[in-house]
Amino acid sequence: MPELPEVETLKRQLQEVIIGQQVRAVKVFDPKLSVAERFPKGKVLQIGRRGKILEFIFEDGQRVWLSLRMTGRLLWGNEVSEHRRLTLVFSEGNLHLIDPRRFAALSFPQKELAPLGVNPLEGAPPSFFEGLRRYRRPIKSFLMDQRFVAGIGNIYASEILYAAQIHPLRPLSRLSQEEWDQIMMSAREILTEAIRYRGTTISDWRDLYGRPGEYQKRLKVYGREGEPCPRCGTSIRRIMVAGRGTYFCPRCQN
DNA sequence: CCCTATGTTCCCAA
DNA sequence: CTTGGGAACATAGG
């Protein structure tokens, strides 16, 4: 599913296409998304992103949050493809929500709730790491916890820890400040690079125009079990961390 | 039939 | 309170 770089790609493309346009009609094809009937019919003022959540901001101040979950995608255009769950009819075109597994969710936030973690593109404030000493959970599961760090998912967590040369099972409480800083720096570099390549297409991800991303060609460890580490040649390993497939180099990452 | 899958949430147990 | 495991959601592919 879309992580930060994929959602950011959609956000930027939507800004080019629907800012200033008015939602004329909403067609709902999945009863799970019947809440979409309440979609504001006004003019879209801005598109935002909070971690992996896409935010539509309307002229009158109303907001809609879209969480794409595992297989959700947005498609601009006329062609009716498989797995269409929702269509927003704009003055100058149609925006379709495509979602094979039907996990995507819409919400209409009443106020500022759902405290989100730090933005890994900006980095954490200097004091952030100080408050984390008590957590002994593996660094990888921490990086993916949206309450602490917003936007990192399963693919980029493995890639970030590989770049930072930190073992995914290392307890947070046993990281030094320098190692934490290194992880945050790697996160920024990798996510920024992934945005530049319009995200990672392993199976479902496509951008607003249906094109696959390019970052999958640059993945160093994710999905590469048994292949040689690009740094030292050791065979990449796969383990389960918090129930998710996790890839790392047993020699480079400690 | 088995396992896996870019996510989130909830229940339960240690 | 912390953490992880498992299940659930629902569908497709190897």
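In what follows, chains carry the letters A, B, and so on, assigned in the order in which the sequence lines appear, proteins first and then strands, with residues in each chain numbered from 1. Model, not experiment: these values are computed from the prediction.
Remark: Ser141(A) is in phosphate contact with dG4(C), judged by side-chain N or O atoms under 4.0 Å from OP1 or OP2. In terms of phosphate contacts, Tyr135(A) brings a side-chain nitrogen or oxygen within less than 4.0 Å of OP1 or OP2 of dT2(C). At dG7(B), one or more side-chain N or O atoms of Lys52(A) fall inside 4.0 Å of OP1 or OP2 (strictly under the cut-off). Within the structure, a side-chain polar atom (N or O) of Arg238(A) is placed less than 4.0 Å from OP1 or OP2 of dA5(B).
Within residues 160-168 of chain A, no residue places a heavy atom under 4.0 Å from DNA chain B.
Counting heavy atoms of neighbouring residues, nucleotides and ligands inside a 6.0 Å radius, atom NZ of Lys32(A) exceeds 12 of them. Atom CZ of Arg133(A) is surrounded by more than 12 heavy atoms from other residues, nucleotides or ligands within 6.0 Å. Atom NZ of Lys27(A) is surrounded by 12 or fewer heavy atoms from other residues, nucleotides or ligands within 6.0 Å. Counting non-hydrogen atoms of neighbouring residues, nucleotides and ligands closer than 6.0 angstrom, the CZ atom of Arg251(A) reaches no more than 12 such neighbours.
Here dA10(C) presents its C1' atom at 11 Å from NE2 of His83(A), a figure rounded to the nearest Å. Note: CD1 (Ile53(A)) to C1' (dG7(B)) measures 11 Å, nearest angstrom. Across the protein-nucleic acid pair, Arg101(A) atom CZ and dA8(C) atom P stand 14 Å apart, rounded to whole Å. The interatomic distance linking Gln216(A) (CD) with dA5(B) (C1') rounds to 16 Å, in whole Å. Across the protein-nucleic acid pair, Gln146(A) atom CD and dG7(B) atom C1' stand 9 Å apart, rounded to whole Å. In this entry the distance linking CG of Leu132(A) with P of dC1(C) reads 18 Å, nearest Å.
Closest approach to the Arg244(A) side chain among dA10(C), dG7(B), dT3(C) is made by dG7(B) (side chain taken as heavy atoms from C-beta onward). When distances run from any side-chain atom of Arg136(A) to the nucleotides dA10(C), dT3(C), dA5(B), the shortest one goes to dT3(C).
In this entry dA8(C) has dT8(B) as its Watson-Crick or G-U wobble partner, both defining distances falling under 3.5 Å.
We find that Arg85(A) and Asp99(A) are not joined by a salt bridge, their nearest charged nitrogen and carboxylate oxygen being 4.0 Å or further apart. Taking the charged nitrogens against the carboxylate oxygens, Arg137(A) and Asp145(A) do have a contact shorter than 4.0 Å, which makes a salt bridge.
Projected onto DNA chain C by closest heavy-atom contact, Gly243(A) and Arg134(A) fall at different nucleotides, the more 5' of which corresponds to Arg134(A).
Within the nucleic acid shown, Gly199(A) has no heavy atom closer than 4.0 Å to any nucleic acid atom. Within the 4.0 angstrom heavy-atom criterion, only backbone atoms of the sugar-phosphate kind lie near Pro138(A); the bases stay farther away.
Between the side-chain ring of Phe103(A) and the base of dG7(B), a stacking contact exists by the 5.5 Å and 30° definition.
Ring-plane geometry between Phe108(A) and Phe39(A) is classed as perpendicular, the angle between the planes exceeding 60 degrees on a 0 to 90 degree scale with a lower cut at 30.
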